[in-house]
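See below for the structure under consideration.
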There are 2 protein chains.
Amino acid sequence: LVQRVDVVRASMKELAAGSVTSPRGFQASGITAALLLCDTPAQFAAAFTQNAFAAPPVRYCQDLCQRVPHLRALIINSGNANCCTGARGLQDARRMADLTAELLGLTPDEVMVFSTGRIGVPMPMAKVEQGIRLSVPALTHDGGTQAAHAIMTTDTKPKSLAVEIEIGGVPVRLGGMAKGAGMIAPNMKLAGAPHATMLAYLTTDAVLAPGLLAQVLGASLDESFNRVTIDGDTSTNDSFVALASGAAGNPVIQPGTPEAASFAAAFNHLAAQLSRLLVLDGEGATRFVHVEVSGALNREQGRRCAMAIANSLLCKTAWFGADPNWGRILDAAGYSDVAIVPEKVTLDYDELPIVRQGGDAGTPEALQTAIIKRPEFHIRLNLGAGEASYTVWTCDLSYEYVKINADYHT
Amino acid sequence: LVQRVDVVRASMKELAAGSVTSPRGFQASGITAALLLCDTPAQFAAAFTQNAFAAPPVRYCQDLCQRVPHLRALIINSGNANCCTGARGLQDARRMADLTAELLGLTPDEVMVFSTGRIGVPMPMAKVEQGIRLSVPALTHDGGTQAAHAIMTTDTKPKSLAVEIEIGGVPVRLGGMAKGAGMIAPNMKLAGAPHATMLAYLTTDAVLAPGLLAQVLGASLDESFNRVTIDGDTSTNDSFVALASGAAGNPVIQPGTPEAASFAAAFNHLAAQLSRLLVLDGEGATRFVHVEVSGALNREQGRRCAMAIANSLLCKTAWFGADPNWGRILDAAGYSDVAIVPEKVTLDYDELPIVRQGGDAGTPEALQTAIIKRPEFHIRLNLGAGEASYTVWTCDLSYEYVKINADYHT
């Protein structure tokens with residue numbers, strides 16, 4: 001299968017101006033709200049934040065996941081997270097689904113609802129309803145990029161793309177969009193049990209065996225959104241939903257087959273690309289940093305250590321300042337509460353050895369600095385304690401992040 | 001005992017220009033290195049960082065803790081942490097002890113060694129030795145404030161104070177000094193098992209029953225240094241050491257007595273005051289924030305939740321911007337992985353109700369903002385899940401923190 005995946009990656013085609021409407025069978029619009037409609041009942045899979053204050057729309061969608069086999073539409077507002085809004089919040093989420101369904105001639109159970117923005121403020125329902133009413137007549141089969149614009153909050157650019165692969169000689173497409181630049185440290189779980197406010201949506205026209213979409217989405221999380229942290233703040237509204245229209249007409253993709261591996265490879269590619277776009281557009285970010293921890297006792301320890309480094313203020317500010325200060329990286333690893341054999345520890349910055357046997361590898365500081373000045377670089381830390389590894393994608397911490405979030409609006 | 005403690009607190013006297021040499025029997029100096037000498041063998045207790053990369057001087061002191069009953073001197077250099085320096089680091093730490101002992105006519109096992117500063121750079125031993133040689137003849141019985149100056153790194157002011165209490169009619173003094181402004185999130189454990197770079201030293205002339213000093217120091221940690229976080233980065237060198245000269249000549253203080261409670265109250269007061277001074281001098285700090293979590297299932301959950309809020313970039317930047325954005329506080333609590341009953345959650349800012357039943361309490365935003373503009377305020381969050389509570393002391397995150405730590409030195 002690995003070989004097959006390589007072949008697929010090689011033959012995967014990025015589509016110009018790709019979006020969630022690149023796959024057949026989908027319409028979208030983005031006026032003030034974003035709306036995505038599948039022309040036919042779509043198979044779906046979803047993952048949600050595990051935050052204890054998961055917002056009413058998240059809880060609404062989680063409940064749907066338990067009850068319905070198909071979806072037709074997603075309605076998404078940005079500006080207000082409808083979170084910590086109690087019974088009224090749930091009522092407002094339901095009203096958004098009801099109105100969308102009514103205008104589209106669907107039942108409410110065919111509609112999922114998503115919100116992003118400020119926490120703790122009641123939804124301005126008159127405005128939201130007006131947004132929904134405008135979005136329905138605006139639906140088109142090429143509205144995906146408009147929708148990607150409409151879901152932005154502090155994002156500086158829309159995040160939208162699509163790829164095409166072949167399954168049994170039939171072209172199959174996958175499209176995606178995402179938003180999020182702050183309060184980003186997704187930790188989502190497949191629906192049924194929630195864990196990230198990034199919002200991400202993936203569409204495909206593939207014909208899939210039942211259950212396969214959930215399996216693929218679940219497996220993609222640790223390789224994509226859940227390995228992203230901008231500021232370590234896991235949101236109350238993080239959601240990732242995939243819809244499959246079946247409009248490609250390919251032979252049904254069965255689990256465990258080379259075709260399933262091909263589909264998963266394309267799915268993972270899109271999810272990973274959207275995740276990268278989130279970090280690249282991180283609030284105030286000037287560096288994209290791969291924190292690759294290996295030699296961990298197990299994957300969870302690798303994740304905890306990589307996250308400690310990626311979320312360390314001292315590491316993040318050093319990167320912003322192009323200071324190669326490796327002591328801060330070892331310090332963060334050292335307090336992450338994972339097994340470490342200090343005298344076996346190695347650290348590399350891209351192609352440069354930085355630490356060997358837990359101490360200075362002797363690489364001149366000027367060479368180290370040159371790496372940290374790169375817009376994208378790799379921190380490779382081996383803990384010397386085991387065989388497991390985990391990679392996290394993060395950014396630096398700049399004056400601009402402080403400015404954006406110090407928020408003098410009040 | 002509680003009543004007794006109140007009486008002691010009421011009768012505790014802060015000493016003007018107090019320092020580690022306010023208690024009788026201590027000499028100190030601070031030229032480039034800081035040196036503290038007890039005129040007679042001192043009882044001692046110590047707590048150290050639990051960072052996996054605990055520095056050679058920390059390991060050296062931990063070993064001493066296992067072996068020796070008394071100490072005479074502490075030698076402290078600032079500028080270089082002697083951390084991740086391998087076998088040479090340990091040798092350098094030992095050399096500092098040996099030289100100090102030799103110059104003072106002591107055995108090396110009577111001397112503890114402390115270093116703070118940059119990680120990963122070999123100690124400039126010629127300079128360090130010169131510092132030690134200068135510090136010995138400079139020792140005086142009122143050198144405490146000089147020593148407090150000498151241990152500073154990015155601190156903007158020295159942290160030094162002392163109090164006097166009465167034990168059995170005899171005046172007993174406790175003095176202390178500390179340093180640290182960044183890489184501050186101490187998590188120390190009583191020696192023997194390490195857990196915080198802040199350095200803190202406490203002296204007393206009290207006569208104490210064996211074991212009492214360790215018991216008091218151990219119990220003080222959670223009420224003082226371990227409840228402090230400036231940036232969440234727990235250092236490789238954090239150390240807190242207490243020395244008792246016995247020079248006051250009071251009746252021996254026995255565990256479990258009102259006198260022990262009095263002594264502990266004074267000890268805790270000093271440790272807490274030094275901790276407060278660390279936060280007040282936090283790199284770039286403009287606010288002192290008490291994060292008080294109650295209604296937690298247990299103390300550990302209370303601590304985890306309070307630390308999540310105190311270390312949240314979104315909370316810290318909001319405080320800097322005087323933005324009362326309570327959604328960020330609930331969000332951080334929500335991802336801290338503790339038991340929460342959202343509909344029972346309450347939040348107060350000082351005297352103002354902010355959240356009731358998990359939602360907006362309706363206090364006008366202008367009033368909320370007025371609180372967050374105060375130089376010191378309390379965030380009081382009740383999780384509605386239990387009876388346990390924990391308080392953390394922290395500060396905001398400003399442009400200045402980023403500037404100090406982006407460190408354009410390279």
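Only a predicted model underlies this, so the values are computations on that prediction, with no experimental measurement involved. First the proteins, then the strands, lettered A, B, ... as listed; each starts at 1.
The most heavy-atom pairs under 4.5 Å with chain A, out of Asp231(B), Val355(B), Leu314(B), come from Leu314(B). Listed options Tyr401(B), Phe53(B), Trp319(B) were ranked by heavy-atom pairs under 4.5 angstrom with chain A; first place goes to Phe53(B). Ranking Val345(B), Val338(B), Val121(B) against chain A, the residue ahead of the rest is Val345(B), based on heavy-atom pairs under 4.5 Å. Interface summary for chain A: among Ala366(B), Gly359(B), Gly86(B), Gly232(B), the most heavy-atom pairs under 4.5 angstrom belong to Gly232(B). The greatest number of non-hydrogen atom pairs below 4.5 Å with chain A, out of Cys83(B), Gly89(B), Gly120(B), is found for Gly120(B). For chain B, the option among Leu313(A), Thr85(A), Val341(A), Asp331(A) with the highest count of heavy-atom pairs below 4.5 Å is Asp331(A). Of the listed residues (Gly334(B), Ala87(B), Cys315(B)), the greatest number of heavy-atom pairs within a distance under 4.5 Å of chain A belongs to Gly334(B).
Only the backbone of Ser398(B) comes within less than 4.5 Å of a heavy atom of chain A; no side-chain atom from C-beta onward does. Using a 4.5 Å cut-off between heavy atoms, Ile340(B) contacts chain A through its side chain alone, with no backbone atom that close.
In summary, Lys316(B) and Asp233(A) do not engage in a salt bridge, as defined by a charged side-chain N under 4.0 Å from a carboxylate O. Contact check on Asp348(A) versus Arg356(A) returns a salt bridge, with a Lys/Arg side-chain nitrogen under 4.0 Å from an Asp/Glu carboxylate oxygen. The pair Asp92(A)-Arg88(A) counts as a salt bridge, with a side-chain nitrogen and a carboxylate oxygen less than 4.0 angstrom apart.
Looking only at side-chain heavy atoms (C-beta outward), Met123(B) and Ser115(B) come within less than 4.5 Å of each other. A 4.5 Å side-chain heavy-atom check between Leu397(B) and Phe320(B) finds every atom pair outside the cut-off. When side chains are defined from C-beta on, Thr49(B) does not count as touching Ser235(B), because their heavy atoms never get closer than 4.5 Å.
Atoms NZ and OG1, from Lys403(B) and Thr317(A) in turn, are 14.0 Å apart once rounded to the nearest 0.5 Å.
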